[in-house]
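Report on the following structure.
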Amino acid sequence: MEVPNTQENMSKCICGRCPSYIQGDTGAFCMTGASDKGPSQKGCFCDDCEIWSEFSLSGEGYYCINGKAS
Ligand code: SF4
Ligand code: SF4
């Protein structure tokens, strides 16, 4: 499911705690699209995020690499 890019949804993002996250990056990649900083897969915390269950997301996560949820 697409996740609306709202301030409320962005505030729930836990990308900042994830080992794949690059400091200073934007986060909320399921809403905004892939990172342009070239992150690599070191684990993804998306399935622990409130947004994951709220918008019935599924799959491997890694929106920072794969792009927006659809
Ligand atoms: S599902 Fe992942 S990318 Fe989307 S808000 Fe949660 S932690 Fe961030
Ligand atoms: S999308 Fe997943 S892998 Fe990428 S920074 Fe967020 S929690 Fe980590």
Side-chain angles (χ1 to χ4, degrees):
M1 189 188 287
E2 276 191 37
V3 183
N5 185 4
T6 64
Q7 205 58 48
E8 189 191 355
N9 286 340
M10 285 184 100
S11 71
K12 295 176 181 171
C13 182
I14 59 169
C15 283
R17 299 184 212 154
C18 160
S20 305
Y21 178 80
I22 295 169
Q23 284 308 313
D25 209 343
T26 54
F29 305 107
C30 65
M31 307 165 217
T32 60
S35 168
D36 59 9
K37 295 189 184 298
S40 53
Q41 294 192 354
K42 297 176 183 168
C44 177
F45 285 4
C46 285
D47 63 358
D48 283 334
C49 173
E50 223 179 289
I51 295 292
W52 182 270
S53 45
E54 199 175 325
F55 291 91
S56 304
L57 302 182
S58 61
E60 65 166 1
Y62 285 112
Y63 300 108
C64 56
I65 295 167
N66 297 331
K68 281 186 201 185
S70 55

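Read the numbers this way: they start at 1 and go in the same order the structure lists the ligands and their atoms.
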Per-atom contacts of ligand 1 with [X], taking only distances under 4.0 Å to non-hydrogen atoms:
{"X": "F29", "value": "3 (S)"}
{"X": "I14", "value": "7 (S)"}
{"X": "C13", "value": "5 (S), 7 (S), 8 (Fe)"}

Quick check on contacts: which atoms of ligand 2 are under 4.0 angstrom from a heavy atom of [X]?
{"X": "S20", "result": "3 (S)"}
{"X": "C64", "result": "1 (S), 3 (S), 4 (Fe), 5 (S)"}
{"X": "Y63", "result": "1 (S)"}
{"X": "G43", "result": "3 (S)"}

Hey, is CD on E50 packed in by over 12 heavy atoms from elsewhere, all under 6.0 Å?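 For E50, atom CD is not crowded (no more than 12 foreign heavy atoms under 6.0 Å).
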Quick check: is [Y] connected to [X] through a chain of hydrophobic side chains (ILVMFWY, heavy atoms under 4.5 Å apart)?
{"X": "F29", "Y": "W52", "answer": "yes"}
{"X": "F55", "Y": "I14", "answer": "no"}
{"X": "M1", "Y": "I51", "answer": "yes"}
{"X": "L57", "Y": "M10", "answer": "yes"}

Please round to the nearest 0.5 Å and tell me the distance separating atom CG of D36 and atom OG1 of T26. 7.5 Å
Closer than 4.0 angstrom: is that true for some heavy atom of P39 and an atom of ligand 2?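 No; P39 lies far enough from ligand 2 that no heavy-atom distance drops under 4.0 Å.
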Check for me whether C46 has a heavy atom closer than 4.0 Å to any atom of ligand 2. yes
Distance-only, no hydrogens or angles: does the Y62 side chain make a donor-acceptor pair with backbone N or O of G43 under 3.5 Å?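 Pair found, side chain donor or acceptor close to backbone of G43.
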Taking Q41's backbone N and O only, do any of them form a donor-acceptor pair with S20's side chain (distance below 3.5 Å, no angle check)? no
Counting heavy atoms only, which part of M31 comes closer than 4.0 Å to ligand 1: side chain, backbone, both or neither? side chain
Residue pair F45 / P19, side-chain heavy-atom distance below 4.5 Å: yes
Would you say that N66 contacts E60 through its side chain, given a criterion of any heavy-atom pair below 4.5 Å between the two side chains?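 When only atoms from C-beta onward are counted, E60 and N66 do touch, with a gap below 4.5 Å.
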[atom]: the protein heavy-atom neighbour that sits closest, reported with distance to 0.1 Å:
{"atom": "atom 6 (Fe) of ligand 1", "answer": "C49 SG, 2.4 Å"}
{"atom": "atom 7 (S) of ligand 2", "answer": "F45 N, 3.3 Å"}
{"atom": "atom 2 (Fe) of ligand 2", "answer": "C44 SG, 2.4 Å"}

Tell me whether C30 has at least one N, O or S atom under 2.8 Å from atom 4 (Fe) of ligand 1.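 Yes - counting backbone and side chain alike, C30 has an N, O or S atom under 2.8 Å.
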For atom 3 (S) of ligand 1, which of C15, C18, S11 has the closest heavy atom? C15
